[in-house]
Participant: 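Starting off with a structure, shown below.
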Amino acid sequence: MKESYFPQEIEKKWQAVWEETKAFKTLDESDKPKYYALSMFPYPSGKLHMGHVRNYTITDVIARFKKANGFNVLHPIGWDSFGLPAENAAMKHNADPETWTDENIAYMTKQLKMLGLSYDWDREVTTCKPDYYKWTQWLFLQLYKKGLVYKKEAAVNWCNECGTVLANEQVIDGKCWRCDNVVEKKYLSQWFIKITEYADVLLEDLDKLLGWGDNVKTMQANWIGKSKGAIFKFPVIDAPSGEEMYVPVYTTRPDTVFGITYLVVAPEYKDIEKLTTAENSQAVEEYRANARKMSEIERLSTDRVKTGVPLGTHCRNPFNGEIFPLWTADYALVEYGTGAVMAVPTHDTRDFDFAKKYELPMKVVIENPENPSDCKDAAYTDPGVLVNSGEFNGMKNEQAKQAITKWAVDKGFGEFKTQYRLRDWLISRQRYWGAPIPVVYCEKCGIQPIPEDQLPVLLPKDVDFKVVGKSPITTSETFKHTTCPVCGGQATRETDTMDTFVCSSWYYLRYADANNSDKCFDRDTVNHWLPVDQYVGGIEHAILHLLYSRFFTKALRDCGLLDFDEPFKNLLTQGMVLKDGAKMSKSKGNTVDPDEIFENYGADTARLFILSDSPPARDFDWSDAGVEGCYKFLNRVWRLISTNADNITLDYKLNFPLEKSNDDLVRTVHIAIKGITNDISNDFQFNTVISKYRELTNAIYDWQGGKCKDGSELSDEDKQVLSFAVVSLMKLMSPVAVHLTEEAWSELGGVGSIHEQDWCAWDENLAKSSSITLVVQINGKVKDKIEVDEGLDQEQMKQVALDSPKIKAQIEGKTVVKTIVVPGKLVNIVVK
RNA sequence: GCUCCAGUGGCGGAAUCGGUAGACGCGUUGGACUUAAAAUCCAAUCGGGAGCAAUCUCGGUGCCAGUUCAAGUCUGGCCUGGAGCACCA
């Protein structure tokens with residue numbers, strides 16, 4: 001065995017062997033229980049970054065640990081390969097996005113293999129390939145059949161400079177990412193997925209996700225934004241047309257209806273013109289035109305001064321008969337609730353600001369009896385008791401919400417209403433590089449889905465990527481013109497493609513049955529492998545991808561394609577990789593190229609370091625000194641093995657009782673096995689796992705230093721103990737230092753791969769120390785530590801403590817009030 | 001503004017149940033080996049005070065209270081930083 005550690009040599013060698021032998025292929029059939037470990041698949045942007053390295057290393061260690069512990073592990077990888085960067089690269093060079101994507105995938109695949117990841121490459125999934133997007137289209141059709149897909153007019157982001165629609169992701173601070181032009185809203189007919197139909201179950205089922213962090217769950221809950229309230233209809237008393245009209249409003253504060261002093265409708269409110277008097281129409285029209293022009297930047301500003309104009313008409317409050325004016329103001333949002341707000345300035349901060357500015361009246365209706373407020377300086381929004389509210393006076397406001405709504409329901413102008421903030425998912429993209437939406441428009445038959453047996457709808461090749469002002473896909477004549485699948489007549493194909501989030505909402509299902517050419521996936525196979533046991537990825541997907549995937553799973557279950565309702569049982573959201581306290585980014589120039597690390601130190605060092613310094617969920621600060629330290633440690637481990645190669649045998653045998661120092665080392669090993677196993681099992685605390693690798697390594701060196709102090713030779717028993725310690729260390733390190741341990745295993749004459757070996761077991765008795773350190777406290781402060789035999793009873797422990805000279809001296813002349821004994825640990829003497 | 005998360009040495013962090021605060025590493029300092037360097041090894045390293053010294057002693061986990069024999073850990077109230085949402089009625 002070579003004395004020095006040459007990672008580059010070793011790593012290349014074993015990567016080739018693993019690839020050749022398909023060492024990490026997963027079979028569906030197995031007696032073992034299944035375990036599905038999954039990393040969020042990458043976008044093939046060109047090169048791996050350290051965030052990828054962290055993500056994939058974490059999942060890889062989990063997969064290997066589970067495999068060693070007797071699970072049949074599924075650990076796949078693929079590519080989220082549709083999307084804008086490929087198309088932009090194509091536009092720039094007038095090339096095919098597919099070529100750009102393929103090149104990136106090839107390069108990044110090479111890098112993943114250099115990292116020594118245990119993927120089953122036979123299950124690789126690439127979303128931009130027809131054998132994948134065929135099924136994305138097929139799933140679209142299933143949702144369409146279920147009524148979960150529809151088309152409607154919607155406001156989209158429009159860049160006048162580029163003359164094209166932009167995805168939300170392309171709008172940065174209200175501007176186009178390519179030309180910096182201010183983005184406008186435009187109304188276009190778009191495809192939507194009805195995710196709102198699942199709003200309630202998506203919210204409720206968050207409680208089932210015990211293996212998810214609260215941070216992600218609350219983010220999703222906030223995004224869904226459920227609120228309970230009521231809708232009240234207010235009659236208009238002076239509509240210019242003379243017709244009978246009502247303005248419905250949604251409110252979460254029915255208890256404040258007696259304090260309404262005006263009503264606001266959004267500038268885009270559908271009936272606004274009918275609610276405006278002739279005198280006011282010009283001012284209203286100007287205000288609305290202004291609101292339309294309002295850019296995203298202005299809308300985003302946090303402390304905008306509220307503005308509005310009166311419509312000139314009035315409503316009657318059916319609760320108390322009062323008359324109040326109608327206004328329009330852009331703090332009312334057309335897309336939320338009914339698009340109209342009942343304003344109670346005394347008990348809502350926004351209404352308060354608006355009423356102050358326009359000198360609208362205010363009326364207190366909720367009061368804290370202990371500390372009444374006149375609401376002259378600020379709205380009172382805390383709980384209280386109703387006043388000035390007719391028959392509801394004196395009622396607590398929480399009760400009044402119920403009572404007042406009930407009253408309105410009985411009188412026929414109100415209803416209980418639950419409202420969500422979640423909107424339907426806009427999936428149309430006026431883009432080339434995405435899965436084509438499989439429908440055609442026939443002059444006679446209208447919108448017609450493509451029959452399933454005609455899928456996939458392939459992306460055309462006769463495309464001009466240099467076009468300005470429209471999607472490149474629209475330049476293909478062969479694509480656009482087609483025939484209607486129903487009548488056979490002339491038809492036009494849908495040129496919109498799907499949001500890439502559609503493709504990534506079901507890829508984890510495809511891995512279970514990645515090579516099925518007849519079906520999207522086999523129902524039984526998917527039921528077997530899913531849900532994913534451990535999903536690992538960045539927190540940036542906390543809402544979008546994870547919410548969409550949860551929705552897809554539920555919707556596909558309702559389509560009868562699978563039989564579970566949550567896709568990811570446990571979720572680990574890894575922290576960011578920082579350098580010098582800032583997120584690594586090209587613009588800041590603080591990136592570290594994984595290739596350089598592989599080249600200079602090897603993948604094992606990279607893997608070890610990325611796991612070592614911080615727990616997985618926390619941000620990780622990359623430091624060159626830290627890499628160096630990990631490299632030195634691996635050298636130290638290598639030296640330990642290589643210099644002892646002649647003394648180490650793989651079929652060691654320990655004959656108890658052992659000599660004291662040997663007994664101690666064996667104990668240390670058992671403690672390490674227990675600690676490392678628990679640290680991985682509990683919370684994937686890899687940072688403490690690695691500190692325990694170091695502790696064990698240090699202990700073996702120390703033991704050896706003691707043995708060979710005066711150049712003496714190791715005894716037979718010593719060699720057996722050393723073998724046990726070193727082989728255990730190698731197995732414990734094998735999920736992390738995958739190449740080093742494989743090489744050492746093979747050099748020591750191991751049969752097969754170390755990655756095929758069972759995990760180390762520990763003996764609870766051997767992991768226990770024969771003596772313990774008894775801590776003695778006086779009034780809760782540590783005063784003495786005494787080595788005692790394990791197994792003393794409480795009375796004996798107390799006696800040992802009281803016999804200590806130090807303790808005796810300190811309690812002299814004082815009264816012992818109480819003595820607390822914690823078995824096997826500590827005695828606390830309370831004195832006065 | 002609302003919601004969530006975090007706050008421990010010079011730094012990253014450790015501390016199943018409330019029970020020895022600072023494991024392990026980085027850095028720093030000193031030493032060994034060497035002609036020298038690299039590599040490697042050994043030792044020290046929370047702060048104050050006492051002692052020639054082994055050692056002793058006091059304080060200490062963002063701040064203020066509380067519960068407890070005992071609080072980094074539990075409760076209440078703040079402060080700071082980060083993240084997400086944001087005129088959602």
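Note on naming: letters A, B, ... go to the chains in the order of the sequence lines (proteins, then strands), and numbering restarts at 1 for each one.
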Participant: Do A/Pro267 and A/Tyr287 have side chains that get closer than 4.5 Å, going by heavy atoms?
Facilitator: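 Of all side-chain heavy-atom pairs linking A/Tyr287 with A/Pro267, at least one is under 4.5 Å.
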Participant: B/C24 phosphate, OP1 or OP2: any side-chain N/O from A/Tyr693 under 4.0 angstrom?
Facilitator: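 So the side-chain polar atoms of A/Tyr693 never come under 4.0 Å of the phosphate oxygens OP1 or OP2 of B/C24.
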Participant: Nearest to the A/Thr251 side chain among B/G19, B/G12, B/A89, which nucleotide is it?
Facilitator: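 The answer is B/A89.
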Participant: State, with a plain yes or no, whether a side-chain heavy atom of A/Leu333 is found less than 4.5 Å away from one of A/Val341.
Facilitator: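 No, side chains not in contact.
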Participant: For a quick test of reading the model: is some side-chain N or O of A/Lys781 closer than 4.0 Å to OP1 or OP2 of B/U57?
Facilitator: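 For A/Lys781, the contact criterion (side-chain N or O under 4.0 Å from OP1 or OP2 of B/U57) is not met.
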Participant: Calculate the interatomic distance between A/Ile543 atom CD1 and B/U3 atom P; express it in whole Å.
Facilitator: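 Answer to the nearest Å: 16 Å.
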Participant: Please give, in whole Å, the distance from B/A14 C1' to A/Glu695 CD?
Facilitator: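 In whole Å, B/A14 C1' and A/Glu695 CD are 10 Å from each other.
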Participant: Got a list of protein N/O to nucleotides 75-81 of chain B N/O distances below 3.5 Å?
Facilitator:
none

Participant: Give me the ring orientation class for A/Tyr331 and A/Phe354: parallel if the planes are under 30° apart, tilted from 30 to 60°, perpendicular past 60°.
Facilitator: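 Aromatic pair A/Tyr331/A/Phe354 classed tilted.
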Participant: In this structure, how many angstroms lie between the P atom of B/G12 and the CG atom of A/Asp619, rounded?
Facilitator: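 Going from A/Asp619 (CG) to B/G12 (P), I get 12 Å.
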Participant: In this structure, how many angstroms lie between the C1' atom of B/U16 and the CG atom of A/Asp683, rounded?
Facilitator: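 It works out to 11 Å between those atoms.
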Participant: For a quick test of reading the model: is some side-chain N or O of A/Arg421 closer than 4.0 Å to OP1 or OP2 of B/U3?
Facilitator: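 Indeed not, no polar side-chain atom of A/Arg421 lies that close.
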Participant: Find the distance A/Tyr5:OH to B/U40:P and express it as a whole number of Å.
Facilitator: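 Rounding to the nearest Å, OH of A/Tyr5 and P of B/U40 are 14 Å apart.
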Participant: Hey, which sits more toward the 5' end of RNA chain B by its nearest nucleotide, A/Val775 or A/Ile690?
Facilitator: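 The residue closer to the strand's 5' end, by nearest nucleotide, is A/Val775.
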Participant: Does A/Lys674 come within less than 4.0 Å of A/Glu764, counting only side-chain N to carboxylate O?
Facilitator: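 Counted as a salt bridge, because a side-chain N and a carboxylate O are separated by less than 4.0 Å.
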Participant: When you check the phosphate oxygens OP1 and OP2 of B/U20, does a side-chain N or O of A/Thr773 lie under 4.0 Å from one of them?
Facilitator: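 The answer is no; no side-chain N or O of A/Thr773 sits under 4.0 Å from OP1 or OP2.
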Participant: Any idea which heavy atoms bring A/Asp784 and A/Ile807 closest together, and the distance?
Facilitator: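 Closest approach of A/Asp784 to A/Ile807: CB-CD1, 4.0 Å.
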Participant: Measure the shortest side-chain to side-chain distance between A/Ser623 and A/Phe609 over non-hydrogen atoms and say whether it is less than 4.5 angstrom.
Facilitator: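 Yes - at least one pair of side-chain heavy atoms lies under 4.5 Å apart.
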Participant: Go through RNA chain B and write down every stem, that is, every run of at least three consecutive Watson-Crick or G-U wobble pairs with distances under 3.5 Å, as range with range.
Facilitator: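 Consecutive-pair runs (3 or more) involving RNA chain B: B:1-7 with B:79-85, B:10-12 with B:24-26, B:27-32 with B:40-45, B:46-50 with B:55-59, B:62-66 with B:74-78.
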Participant: Determine the interplanar angle of the A/Tyr5 and A/Tyr631 rings, folded into 0 to 90°, and report it as parallel if under 30°, tilted if 30 to 60°, perpendicular if over 60°.
Facilitator: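 Rings of A/Tyr5 and A/Tyr631: tilted, 30 to 60°.
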Participant: Kindly say if A/Arg618 contacts the phosphate of B/G82, meaning a side-chain N or O under 4.0 Å from OP1 or OP2.
Facilitator: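 No, no such contact exists.
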Participant: How do A/Thr688 and A/Val216 order along RNA chain B: which one's closest nucleotide is nearer the 5' end?
Facilitator: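 The answer here is A/Val216.
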Participant: Kindly check if the number of other-residue, nucleotide or ligand heavy atoms within 6.0 Å of CD (A/Glu787) is above 12?
Facilitator: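 It does: A/Glu787 CD has more than 12 such atoms within range.
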Participant: Can you tabulate the close N/O pairs, meaning under 3.5 Å, that link protein atoms to atoms of nucleotides 67-72 of chain B?
Facilitator:
from  : atom 1 : to       : atom 2 : distance (Å)
B/C69 : OP1    : A/Lys818 : NZ     : 3.3
B/C69 : O2'    : A/Asn828 : ND2    : 3.3
B/C69 : O2     : A/Asn828 : ND2    : 2.5

Participant: Using a cut-off of strictly less than 4.0 Å, decide whether A/Asn698 has a side-chain nitrogen or oxygen near OP1 or OP2 of B/C24.
Facilitator: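 Result: no.
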Participant: Assign A/Glu540 to base, sugar-phosphate, or nothing according to its heavy-atom contacts below 4.0 angstrom with the strands shown.
Facilitator: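 Result for A/Glu540 = nothing.
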Participant: Do the ring planes of A/Phe413 and A/Phe232 sit parallel (below 30°), tilted (30 to 60°) or perpendicular (above 60°)?
Facilitator: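 Rings of A/Phe413 and A/Phe232: tilted, as their planes differ by 30° to 60°.
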Participant: When you measure from the side chain of A/Lys217 to the backbone of A/Leu209, do you find a donor-acceptor pair of N or O atoms at a distance under 3.5 Å?
Facilitator: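 Confirmed, A/Lys217 side chain pairs with A/Leu209 backbone.
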Participant: Kindly label the base of B/G13 as syn or anti, based on whether its glycosidic torsion lies within 90° of 0.
Facilitator: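 Nucleotide B/G13 adopts anti.
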Participant: Assign A/Lys417 to base, sugar-phosphate, or nothing according to its heavy-atom contacts below 4.0 angstrom with the strands shown.
Facilitator: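 Nothing: the residue A/Lys417, judged by heavy atoms under 4.0 Å, touches no strand.
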Participant: Verify whether the ring centers belonging to A/Phe501 and A/Trp425 lie closer than 6.0 Å.
Facilitator: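 Ring centroids of A/Phe501 and A/Trp425 are no less than 6.0 Å from each other.
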Participant: Would you call A/Asn698 and A/Arg636 a side-chain contact if the rule is heavy atoms closer than 4.5 Å?
Facilitator: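 Yes, their side chains come closer than 4.5 Å.
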Participant: Quick one: are A/Pro7 and A/Trp638 in side-chain contact, heavy atoms under 4.5 Å?
Facilitator: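 SC-SC contact between A/Pro7 and A/Trp638 ruled out.
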Participant: Figure out the NZ/C1' separation between A/Lys579 and B/C26, and round it to whole Å.
Facilitator: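 About 15 Å, once rounded to whole Å.
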Participant: Could you give the CG-to-P distance, from A/Asn215 to B/A6, as a whole number of Å?
Facilitator: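 It is 9 Å, rounded to the nearest whole Å.
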Participant: Categorize A/Lys632 for me: base, sugar-phosphate, or nothing, with a 4.0 angstrom heavy-atom threshold over every strand shown.
Facilitator: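 Since only primed, P, OP1 and OP2 atoms lie under 4.0 Å of A/Lys632, the category is sugar-phosphate.
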Participant: B/U3 P sits how many Å from A/Ile224 CD1, rounded?
Facilitator: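 Spelled out: CD1 on A/Ile224 to P on B/U3 is 18 Å.
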